Amino acid sequence: MAELDKNYNPETAEKKWYEFWLSSGMFTADPDDTAAPFTIVIPPPNVTGTLHMGHALNATLQDILIRWKKMSGCNVLWIPGMDHAGIATQNVVERQLAAEGVDRHTIGRERFIERVWTWKAEYGGRIINQLKRLGASCDWSRERFTLDEGLSNAVREVFVSLYEQGLIYRDNRLINWCPRCRTALSDIEVEHEDVEGKLTYIRYPFSDGSGHLTVATTRPETMLGDTAVAVNPNDERYSHAIGKTVSLPLTGRMIPVIADPSVDPAFGTGAVKVTPSHDFNDEATAKRQSPALPFITVIAPDGKMTADAGRKFAGMDRYECRRMVIRDLQDAGLVEKQEKHGHAISQCYRCKTVIEPLPALQWYVKVGPLAEQAVKAVRDGKTNFVPRSWENTYFAWMENIKDWCISRQIWWGHRIPAWYCDCGEVMVARREPEQCPKCGNINLRQEEDVLDTWFSSALWPFSTLGWPERTRELQKYYPTSVLVTGFDIIFFWVARMMMMGIKFMGDVPFNDVYIHALVRDASGQKMSKSKGNVIDPLVMMDKYGTDAFRFTLTAFAAQGRDVKFSEERVEGYRHFVNKLWNAARFILANTEGKMLPAVPDLQSLDVGSRWIVSRLSATAEDVRKALEEYRFNDAAGSMYHFIWHELCDWYIEMVKPVLYGDSADKAAVQECLVYLLERSLRLLHPFMPYVTEEIWQNMPHEGNSIVRAPFPADIPRDGAAEDQMEVLMETVTAIRTIRGELNLSPTLELRALVKTHSDHARGILSENMLFLKKLARADILKIGGDLEKPGGSSVAVRSHVEVFVPLEGLLDVDLEIERIRKEMAKLEETSEFLGSKLRNQEFLGRAPQQIVAKEREKFDDCMKKIERVRENLQKMLDLKGGGS
RNA sequence: AGGCUCGUAGCUCAGGGGGAGAGCGCUACCUUGACACGGUAGAGGUCGGCGGUUCGAAACCGCCCGGGCCUACCA
């Protein structure tokens with residue numbers, strides 16, 4: 001058994017043990033293992049991504065669960081992998097091409113895709129190694145990629161199957177178009193941001209010369225595509241205008257004034273311009289009319305004006321056009337006014353470019369029937385959100401869900417398995433059709449578009465397990481146990497996995513969904529590159545060690561609250577790692593040669609040892625319960641308190657005299673220490689995998705890795721020992737308090753007399769003189785029930801004991817009197833409060849009996865203390881009177 | 001506009017019907033043979049405000065104030 005170094009070196013330990021875990025197959029799951037399965041699929045990070053705080057928290061929590069369940073005997077599987085991130089990845093490679101002076105169109109689709117794969121091989125997936133650095137115990141032999149062959153098969157199977165069932169269709173309607181990414185987006189890929197804009201009031205003259213109508217708009221350039229002006233049918237101000245036509249300025253087109261119930265008479269002028277091609281409301285209005293209003297598209301996919309916008313504006317950027325339109329209208333005297341106006345603009349979630357609604361032919365998933373089942377599964381409790389309140393978010397979206405636009409006009413992704421024939425036939429098939437079934441043509445064109453990346457991630461919980469093959473993995477590990485993720489992708493991902501899982505597996509994809517916090521900076525700001533407040537997890541791991549970093553995240557991962565992260569806190573938890581390390585060093589240095597006992601022989605042990613084993617038992621149980629309920633911070637806090645404030649502060653200190661001496665129970669105490677350390681390491685291992693393995697390997701243990709050691713359970717509790725220890729701790733603290741409050745040096749050896757209030761207390765204290773002396777740094781002169789307070793002593797009154805510290809000459813009588821009076825005041829306040837309660841008939845009559853009994857007991861205890869303190873105060877006053 | 005969430009010690013936050021807890025910070029004293037990344041003791045809070053329910057509210061309910069977030073087509 002090697003001695004531990006003076007300092008823990010995270011860098012070498014982390015490298016050594018992670019490699020060991022990998023090479024010995026610790027993380028590889030065996031579907032034939034008959035133990036109860038526990039499965040997690042990792043939220044696949046983007047292939048373009050690098051580890052940020054959110055990933056670090058997410059992976060840490062999953063790793064804790066996986067390691068804990070493994071130690072608890074489960075057949076665990078944690079599937080890792082990455083997402084091909086269509087738009088993001090394509091953007092990256094397109095930038096690369098741009099630097100070379102070409103674009104994807106010049107090199108063509110095939111060569112472009114090759115370039116992306118080359119890029120992936122070279123730069124993609126750095127995050128995987130970063131996750132390993134974090135200690136993630138994923139089964140890397142099962143790592144998947146959303147564009148790999150198996151997952152692509154799954155995607156194609158799902159697409160074709162949904163199409164055959166009429167749940168995928170193609171339609172021409174307005175879509176959210178990003179002019180920069182040049183692709184359609186789904187509704188949820190659009191972000192809304194409030195901006196201070198302008199509302200422009202424009203006059204549209206009636207074609208019959210009878211004046212004008214004024215409309216208000218935030219997007220004047222779209223007027224070029226107006227095909228009507230709408231007013232509310234019940235708006236009497238405009239009833240005369242309905243059915244008339246107005247002359248659309250700058251174009252001279254005649255457009256009708258129509259009635260539509262969607263118009264809010266209270267907004268603006270109560271008359272609204274209708275641009276069916278560039279506004280979702282207007283599209284709806286246009287389709288409601290009979291006959292439907294025409295669509296005139298004035299903005300092209302590149303964000304520039306079309307020929308239909310008129311010769312003057314064609315080819316102009318949409319914003320430049322806006323300025324030009326306003327100027328021209330002003331020149332024509334048609335701008336009534338412009339006023340400030342707060343409204344929300346839509347932007348692309350990838351590049352923040354303002355979205356342009358455009359009409360286009362796209363593929364859709366009809367989600368209604370799928371969503372219904374997905375809602376039901378949560379309502380029925382088949383899947384539980386933790387914290388539960390996230391159900392509301394899920395339901396709110398699911399119940400108002402619109403069809404999902406899944407086609408994207410990019411190249412990097414799953415190409416839609418649809419083929420077109422010149423005869424107009426559309427074929428959707430698992431394999432490329434050889435000829436058109438209708439006309440026999442063999443020159444078929446495959447759909448150019450690819451699928452939304454989220455389409456493939458929606459299948460992740462079963463596609464990664466081998467679906468559509470019926471694999472053993474699928475049988476064993478589906479449904480997965482829990483999904484751990486952030487709230488920001490409940491719509492994007494969680495909801496869609498629910499729909500697809502239920503549809504294709506006939507069962508929910510996970511039993512629990514644990515929604516964790518967002519990691520923010522110390523002042524609560526969201527971390528972002530533009531704000532410059534990003535903290536790099538890798539830097540934290542380099543500086544403080546992975547275990548300290550993980551423990552920090554865990555300790556702050558309280559449910560329902562964001563993690564405000566600051567470096568100081570990591571430093572604080574590095575101290576905890578150091579504390580553990582040093583405790584281990586001490587134990588191993590003082591138990592040389594002692595083997596690990598199965599269970600310490602408690603009967604033969606002192607009260608302190610029985611107490612600490614009992615505390616370990618309680619802590620293990622706390623941690624288990626906390627993890628069952630995903631209260632990670634509680635688990636962390638519980639262990640921190642046990643290790644630092646019970647094991648180190650009390651137990652190790654109190655057994656030092658035994659270890660340094662040669663008493664009969666020395667061997668038993670040594671065994672107990674080895675046991676405590678070993679079990680504590682196991683308890684901590686899921687949270688701090690590296691330092692625990694490092695210590696464990698250097699001490700007596702069974703097995704080849706702590707990864708496979710059982711999680712502590714069935715440790716004996718000993719209530720009697722906990723009660724007895726309370727008397728000891730109370731007495732020690734009383735003496736220390738006197739020392740502290742009288743400002744006596746810690747090195748000064750005090751003498752103390754302990755007056756006990758029961759035989760019980762007297763017995764315990766007498767048996768543990770050695771501990772008392774050591775912990776209180778005092779010579780215990782006497783212990784007894786009928787001691788007299790020696791003159792010139794300082795006193796502390798406690799529940800079980802009264803402590804006298806004789807301080808002839810040293811005692812500052814005035815200071816002591818002040819101390820006692822302060823104590824008296826506190827006690828009197830308490831007794832007053834409790835007394836008035838116990839005099840209150842309503843309290844006595846209505847409060848539960850056990851509460852009343854408890855309050856009475858507290859009151860009696862308080863009164864006894866007051867009595868004793870009063871006596872002591874009187875003696876002190878006498879002493880002062882006599883002395884002066 | 002709707003919905004959610006938070007407001008507790010200087011800071012960060014637990015807790016949750018029976019007179020307030022932790023970590024860090026702060027103060028005093030201490031190189032006691034694991035650890036100064038340490039030890040001991042201490043100071044510090046009318047639990048955002050106002051009402052209500054209750055024998056009893058920091059906790060439950062309502063309103064208000066103040067942060068944060070999400071959803072939404074008000075042109």
Side-chain angles (χ1 to χ4, degrees), chain A residues 4 6-8 188 192 199 215-219 222 230 262-264 266-269 271-275 279-285 341 343-344 346 357 387 389-390 392-393 396-397 400 487-488 490-491 518 520 522 524 526 544 548 555-556 558 560-566 568-569 571-590 631 633-634 637 640-641 644-645 648-649 652-653 656 660 733 736-748 774-775 777 829-830 833-834 837 840-848 850-852 854-855 858:
Chain A
L4 295 182
K6 179 137 172 55
N7 292 304
Y8 170 60
I188 54 176
H192 302 276
L199 196 57
V215 299
T217 180
T218 54
R219 300 200 56 197
T222 63
S262 71
V263 180
D264 174 5
F267 186 88
T269 61
V272 57
K273 59 192 269 321
V274 181
T275 322
D279 184 286
F280 289 99
N281 279 325
D282 295 357
E283 179 194 32
T285 303
H341 178 62
H343 66 287
S346 311
S389 54
W390 289 109
N392 298 330
T393 306
W397 188 63
N400 296 298
F487 66 84
D488 48 333
I490 291 178
F491 304 151
L518 211 69
R520 299 170 176 278
K526 211 166 165 173
Y544 303 103
F556 283 92
R561 195 185 278 264
D562 289 340
V563 175
K564 286 189 196 171
F565 189 93
S566 84
E568 275 175 18
R569 301 195 183 120
E571 202 178 339
Y573 284 106
R574 184 183 58 177
H575 297 174
F576 179 54
V577 174
N578 180 254
K579 189 76 180 174
L580 176 70
W581 181 260
N582 278 292
R585 243 166 36 100
F586 174 81
I587 291 173
L588 297 179
N590 288 283
R631 290 180 288 110
N633 59 318
D634 287 339
Y640 184 98
H641 182 259
W644 203 308
H645 298 301
C648 293
D649 287 352
I652 288 183
E653 291 307 322
K656 276 178 179 173
Y660 298 150
T733 305
R736 285 172 175 175
T737 300
I738 289 173
R739 182 194 296 278
E741 292 194 341
L742 296 183
N743 248 331
L744 301 170
S745 162
T747 47
L748 181 68
K774 162 72 185 162
L775 292 174
R777 262 195 167 279
E829 201 182 320
T830 309
F833 167 70
L834 292 169
K837 213 168 179 178
N840 183 343
Q841 287 307 315
E842 296 209 88
F843 171 70
L844 297 174
R846 294 184 192 245
Q850 64 190 56
I851 294 291
V852 177
K854 214 167 107 190
E855 298 293 289
K858 272 155 67 179

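From a predicted model like this one, the values you see are computed outputs, not experimental measurements. Every heavy atom of this structure was used, including side-chain atoms; hydrogens, water molecules and symmetry mates were not. Residue numbers begin at 1 in each chain, while the letters A, B, ... track the order of the sequences.
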**Student:** Can you find a heavy atom in the side chain of Ile652(A) that is under 4.5 Å from one in the side chain of Phe586(A)?
**Tutor:**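 A side-chain contact under 4.5 Å exists here.
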**Student:** Mind checking side chain to side chain donor-acceptor pair (under 3.5 Å) for Lys656(A) and listing every partner two or more places apart, or none if nothing turns up?
**Tutor:** Glu653(A)
**Student:** Specify whether Tyr573(A) and Phe556(A) have parallel, tilted or perpendicular ring planes, treating 30° as the upper limit for parallel and 60° as the lower limit for perpendicular.
**Tutor:**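 Plane angle over 60°, so perpendicular.
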**Student:** Please list, chain by chain and in numerical order, all residues satisfying side chain to side chain contact (heavy atoms under 4.5 Å, CB included) with Glu842(A), sequence neighbours excluded.
**Tutor:**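 Residues passing side chain to side chain contact (heavy atoms under 4.5 Å, CB included) with Glu842(A): Asn840(A), Arg846(A).
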**Student:** For Glu653(A), answer base if it contacts any base atom (sugar-phosphate contacts may also be present), sugar-phosphate if it contacts only those atoms, and nothing otherwise; contact means non-hydrogen atoms under 4.0 Å.
**Tutor:** base
**Student:** Look at all strands and tell whether Asp264(A) reaches a base, only sugar-phosphate, or nothing, counting heavy atoms closer than 4.0 Å.
**Tutor:**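 Since a base atom lies under 4.0 Å of Asp264(A), the category is base.
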**Student:** For a quick check of understanding: with a heavy-atom distance under 4.0 Å over all strands, which category does His641(A) fall into, base, sugar-phosphate or nothing?
**Tutor:**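 Counting heavy atoms under 4.0 Å across all strands, no contact is made by His641(A).
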**Student:** Between Thr218(A) and Asp649(A), which is nearer to the 5' end of RNA chain B once each is assigned its nearest nucleotide?
**Tutor:** Asp649(A)
**Student:** Distance check, C1' atoms only: rA20(B) and rG45(B), in whole angstrom units.
**Tutor:** 8 Å
**Student:** By the 4.0 Å heavy-atom rule, please label Asp282(A) as base, sugar-phosphate, or nothing.
**Tutor:** nothing
**Student:** Distance between the P atoms of rG16(B) and rG52(B), in whole angstroms?
**Tutor:** 27 Å
**Student:** Just call it for Phe491(A): base, sugar-phosphate, or nothing, with non-hydrogen atoms closer than 4.0 Å on any strand.
**Tutor:** sugar-phosphate
**Student:** With C1' as the reference atom in both, quote the distance from rU8(B) to rC13(B) in angstrom, rounded to an integer.
**Tutor:**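 One C1' to the other, the span is 9 Å.
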**Student:** Name the nucleic acid region contacted by Arg574(A), choosing base, sugar-phosphate or nothing; use a 4.0 angstrom heavy-atom cut-off, strictly under.
**Tutor:** base
**Student:** Measuring only the C1' atom in each nucleotide, how far is rA58(B) from rG48(B)? A whole number of Å is fine.
**Tutor:** 12 Å
**Student:** For Lys273(A) and Asp282(A), work out which heavy atoms get closest and say how close.
**Tutor:**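 The answer is O-OD2, 3.4 Å.
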**Student:** Which part of the nucleic acid, if any, lies within reach of Lys858(A) when heavy atoms closer than 4.0 Å are counted: base, sugar-phosphate only, or nothing?
**Tutor:** sugar-phosphate
**Student:** Reading RNA chain B in the 5' to 3' direction, which nucleotide is the first one with an atom under 4.0 Å from a heavy atom of chain A, and which is the last?
**Tutor:**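 First-to-last contact on RNA chain B, by the 4.0 Å heavy-atom rule, is rC6(B) to rA75(B).
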**Student:** For rC60(B) and rA28(B), measure between their C1' atoms and round to the nearest Å.
**Tutor:**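 Nearest-Å result for rC60(B) against rA28(B) at atom C1': 43 Å.
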**Student:** Quantified in whole Å, what is the P atom distance between nucleotide rG17(B) and nucleotide rA57(B)?
**Tutor:** 14 Å
**Student:** Base, sugar-phosphate, or nothing for Phe280(A), non-hydrogen atoms under 4.0 angstrom?
**Tutor:** nothing
**Student:** Between Asp279(A) and Thr222(A), is the side-chain contact (heavy atoms from CB on, under 4.5 Å) condition met? List the steps.
**Tutor:** CA-CA 9 Å; Asp279(A) 184 286; Thr222(A) 63; over 6 Å; no
**Student:** Under 4.0 Å, counting only non-hydrogen atoms across every strand here, what does Lys6(A) touch: a base, just sugar-phosphate, or nothing?
**Tutor:** sugar-phosphate
**Student:** Apply side-chain contact (heavy atoms from CB on, under 4.5 Å) to the pair Phe833(A) and Thr830(A), showing each step before the final yes or no.
**Tutor:** CA-CA 5 Å; Phe833(A) 167 70; Thr830(A) 309; 5.6 Å; no
**Student:** Please enumerate all residues that pass salt bridge (Lys or Arg N to Asp or Glu O under 4.0 Å) together with Glu741(A), with sequence neighbours excluded.
**Tutor:**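 Partners of Glu741(A) by the salt bridge (Lys or Arg N to Asp or Glu O under 4.0 Å) criterion, ordered by chain and then number, come out as Arg819(A).
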**Student:** Please give the distance between the C1' atoms of rG56(B) and rG44(B) as a whole number of Å.
**Tutor:**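 Straight-line distance between the two C1' atoms is 27 Å.
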**Student:** May I ask you to say what Phe576(A) touches in the nucleic acid, namely base, sugar-phosphate or nothing, with a heavy-atom cut-off under 4.0 Å?
**Tutor:** nothing
**Student:** Which dot-bracket string describes RNA chain B (Watson-Crick N1-N3 plus N6-O4 or O6-N4, or G-U N1-O2 and O6-N3, all under 3.5 Å; [ ] crossing; | other strand)?
**Tutor:** (((((((..((((....[..)))).(((((.......))))).....(((((..]....))))))))))))....
**Student:** Would you mind telling me which residue lines up with the more 5' stretch of RNA chain B, Asn840(A) or His645(A), judged by nearest nucleotide?
**Tutor:**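 Closer to the 5' end of RNA chain B: His645(A).
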**Student:** Between Asn578(A) (side chain) and Arg574(A) (backbone), is there a donor-acceptor pair under 3.5 Å?
**Tutor:**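 Judged by distance alone, no pair lies under 3.5 Å.
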**Student:** Between Phe576(A) and Trp644(A), what is the ring plane arrangement, given parallel below 30°, perpendicular above 60°, and tilted in between?
**Tutor:**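 Ring orientation, 0 to 90° scale: parallel.
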**Student:** Look at all strands and tell whether Tyr573(A) reaches a base, only sugar-phosphate, or nothing, counting heavy atoms closer than 4.0 Å.
**Tutor:** nothing
**Student:** Provide the distance between the two P atoms, one in rG7(B) and one in rA14(B), to the nearest whole Å.
**Tutor:** 7 Å
**Student:** Among all residues two or more places apart in sequence or in another chain, which pass the side chain to side chain donor-acceptor pair (under 3.5 Å) test with Lys579(A)?
**Tutor:**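 For Lys579(A), no residue satisfies side chain to side chain donor-acceptor pair (under 3.5 Å) once neighbours in sequence are set aside.
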**Student:** Which part of the nucleic acid, if any, lies within reach of Ile652(A) when heavy atoms closer than 4.0 Å are counted: base, sugar-phosphate only, or nothing?
**Tutor:** base
**Student:** Which part of the nucleic acid, if any, lies within reach of Ala396(A) when heavy atoms closer than 4.0 Å are counted: base, sugar-phosphate only, or nothing?
**Tutor:**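 Counting heavy atoms under 4.0 Å across all strands, no contact is made by Ala396(A).
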**Student:** Any base atoms under 4.0 Å from Arg219(A), or only sugar-phosphate, or nothing? Heavy atoms, all strands.
**Tutor:** nothing
